[in-house]
Asks: 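Structure provided below as structure tokens; questions to follow.
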Number of protein chains: 2
Amino acid sequence: MDLVAIYQCLCDRTRLRILHLLLSGPLCVCHFQDVLREPQVKVSKHLRYLRENGLVEAERCANMMIYRLPAKPSAQLKANLACLQDCVREEKVFREDAARLKKLRDGFGPDTPTCVREPAKACC
Amino acid sequence: MDLVAIYQCLCDRTRLRILHLLLSGPLCVCHFQDVLREPQVKVSKHLRYLRENGLVEAERCANMMIYRLPAKPSAQLKANLACLQDCVREEKVFREDAARLKKLRDGFGPDTPTCVREPAKACC
DNA sequence: TTGTTATATACCGATAAGGGAATATACCTC
DNA sequence: GAGGTATATTCCCTTATCGGTATATAACAA
């Protein structure tokens with residue numbers, strides 16, 4: 001995995017949003033769908049892309065997949081994720097995503113997805 | 001110019017090499033050709049891409065074009081260029097480029113291009 | 001003017017990227 | 001087993017990217 005591959009992962013807005021969310025902790029696919037408000041295929045394909053390039057790791061838990069940032073990121077990846085975290089502050093989309101994620105995590109009514117209402121059961 | 005556009009510029013190896021060279025100062029196109037050992041079209045087109053996205057600035061000087069990093073880079077760009085400078089250390093291509101550029105700048109025989117032998121005349 | 005050097009552009013082909021619709025797989029529950 | 005939920009994959013289309021060959025432009029020099 002070289003530097004170019006990292007930037008190739010970072011050069012799509014959806015993937016940036018995904019990585020930004022992961023900076024605050026592991027998430028399952030339905031979280032992403034809900035927070036990003038993007039269709040399941042789209043999310044799934046971008047996650048696959050990130051995974052194939054070593055930018056995220058995945059683990060099955062019951063019938064859902066939990067995605068997280070690599071436990072041992074390379075120096076290059078670490079540097080770029082830190083840089084990303086600085087840069088996203090300036091853009092609205094990312095702040096909105098963060099706000100929606102917070103809402104989900106805080107728990108909001110009976111219509112929020114199971115994996116959010118019952119994190120223990122959903123392993124995340 | 002948003003974050004995605006920056007990463008789109010960074011996700012090609014030739015453009016990374018160009019930006020890396022620019023981190024050590026302005027250069028004209030023939031420098032790039034020589035150091036990168038890439039054909040003129042290729043260099044020119046990547047420079048155009050970078051310019052259109054605000055990652056480099058250009059100025060004509062006599063019959064050559066001098067490219068440089070923006071005088072007033074955005075916070076996002078500044079952060080990413082700093083990150084880039086850290087990351088390139090790990091990869092051979094960049095070190096080799098730097099070595100070739102140094103050779104050129106130190107002046108090497110009568111077969112080096114005019115714009116390198118006579119920097120004053122070439123405004124760089 | 002003509003020629004020369006430096007750089008840019010147009011055009012073409014090959015490949016990759018990104019998105020959606022439909023379908024498949026994996027796991028759970030009953 | 002059947003049915004449900006969560007996620008992945010396949011197929012198809014559209015558009016972007018990258019590279020090369022050939023040609024055009026800009027500025028200088030004689």
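In what follows, chains carry the letters A, B, and so on, assigned in the order in which the sequence lines appear, proteins first and then strands, with residues in each chain numbered from 1.
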Asks: For D34(B) and dA6(C), give me the distance from atom CG to atom C1', rounded to whole Å.
Replies: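 Nearest whole value for this atom pair: 14 Å.
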Asks: Between dT7(D), dG19(C), dA17(C), which one does the side chain of T14(A) approach most closely?
Replies: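 Among the listed nucleotides, the one closest to the side chain of T14(A) is dG19(C).
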Asks: Using only side-chain N and O atoms of H31(A), determine if any of them is under 4.0 Å from OP1 or OP2 of dA6(D).
Replies: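 Answer no for this pair, as no side-chain N or O of H31(A) is under 4.0 Å from OP1 or OP2.
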Asks: Base of dA6(C), side chain of Q40(B) - is there a donor-acceptor contact under 3.5 Å?
Replies: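 Check fails, no donor-acceptor contact within cut-off.
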Asks: Can you identify which nucleotide, out of dA17(C), dC28(C), dT7(D), has its nearest atom closest to the A62(A) side chain?
Replies: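 So the nucleotide nearest the side chain must be dC28(C).
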Asks: Using atom CZ of R48(A) as one end and atom C1' of dG19(C) as the other, report the distance to the nearest whole Å.
Replies: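 That distance rounds to 15 Å.
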Asks: So, is H46(B) close to the dT17(D) phosphate, meaning a side-chain N or O under 4.0 Å from OP1 or OP2?
Replies: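 It does not, given that no N or O in the side chain of H46(B) lies less than 4.0 Å from OP1 or OP2 of dT17(D).
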Asks: Verify the contact: side-chain N or O of R60(A) to OP1 or OP2 of dT7(D), cut-off strictly under 4.0 Å; return yes or no.
Replies: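 Checking dT7(D) against R60(A), no side-chain N or O comes under 4.0 Å of OP1 or OP2.
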Asks: Please classify the nucleic acid contact of F32(B) as base, sugar-phosphate, or nothing, using heavy-atom distances under 4.0 Å.
Replies: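 No contact at all - F32(B) keeps every heavy atom at 4.0 Å or more from the nucleic acid.
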Asks: Checking all strands, does R15(B) fall into the base, sugar-phosphate, or nothing category for heavy-atom contacts under 4.0 angstrom?
Replies: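 Sugar-phosphate contact only - R15(B) comes under 4.0 Å of backbone atoms but never of a base.
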Asks: Can you identify which nucleotide, out of dA22(D), dT7(C), dC27(C), has its nearest atom closest to the N63(A) side chain?
Replies: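 Of all the options, the side chain of N63(A) is nearest to dC27(C).
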Asks: Minimum heavy-atom separation for L69(B) and L55(B), please, with both atom names.
Replies: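 Nearest heavy atoms, L69(B) then L55(B): CD2-O, 3.8 Å.
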Asks: Taking for each residue the nucleotide of DNA chain D with the nearest heavy atom, is it Y49(B) or V29(A) whose nucleotide lies nearer the 5' end?
Replies: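 Per heavy-atom nearest nucleotide, the more 5' residue is V29(A).
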Asks: Within this structure, what is the CD-to-P distance between E52(B) and dA16(D), rounded to whole angstrom?
Replies: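 Checked: the CD to P distance equals 13 Å.
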Asks: Only one of L101(B), L104(B), L27(B) clears side-chain contact (heavy atoms from CB on, under 4.5 Å) with D34(B); which?
Replies: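 Only one option passes, and that is L104(B).
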Asks: If you look at every strand shown and take non-hydrogen atoms under 4.0 Å, does V41(B) touch a base, only sugar-phosphate, or nothing?
Replies: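 Base contact.
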Asks: Any donor-acceptor pair under 3.5 Å joining the side chain of K45(B) to the base of dG19(D)?
Replies: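 Flag set: donor-acceptor pair detected.
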Asks: Over how many whole Å does the gap from K42(B) atom NZ to dA8(C) atom C1' extend?
Replies: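 Spelled out: NZ on K42(B) to C1' on dA8(C) is 17 Å.
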Asks: Reckon Y67(A) has a side-chain N or O less than 4.0 Å from the OP1 or OP2 of dA8(D)?
Replies: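 Checking dA8(D) against Y67(A), a side-chain N or O does come within under 4.0 Å of OP1 or OP2.
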Asks: Are any of the side-chain heavy atoms of Y7(A) and D12(B) separated by less than 4.5 Å?
Replies: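 Y7(A) vs D12(B): side chains apart.
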Asks: Considering all heavy atoms of both residues, which atom of F94(A) and which atom of H20(A) are nearest to each other, and what is their separation?
Replies: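 Closest heavy-atom pair between F94(A) and H20(A): O-CE1, 3.1 Å.
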Asks: Taking CE from M65(A) and P from dC27(C), how many angstroms apart are they, rounded to a whole number?
Replies: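 Interatomic distance, CE of M65(A) to P of dC27(C): 10 Å.
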Asks: Are V93(A) and L22(A) linked, directly or through other ILVMFWY residues, by side chains that come within less than 4.5 angstrom of each other?
Replies: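 No; tracing contacts between hydrophobic side chains, which count when under 4.5 Å, never links both residues.
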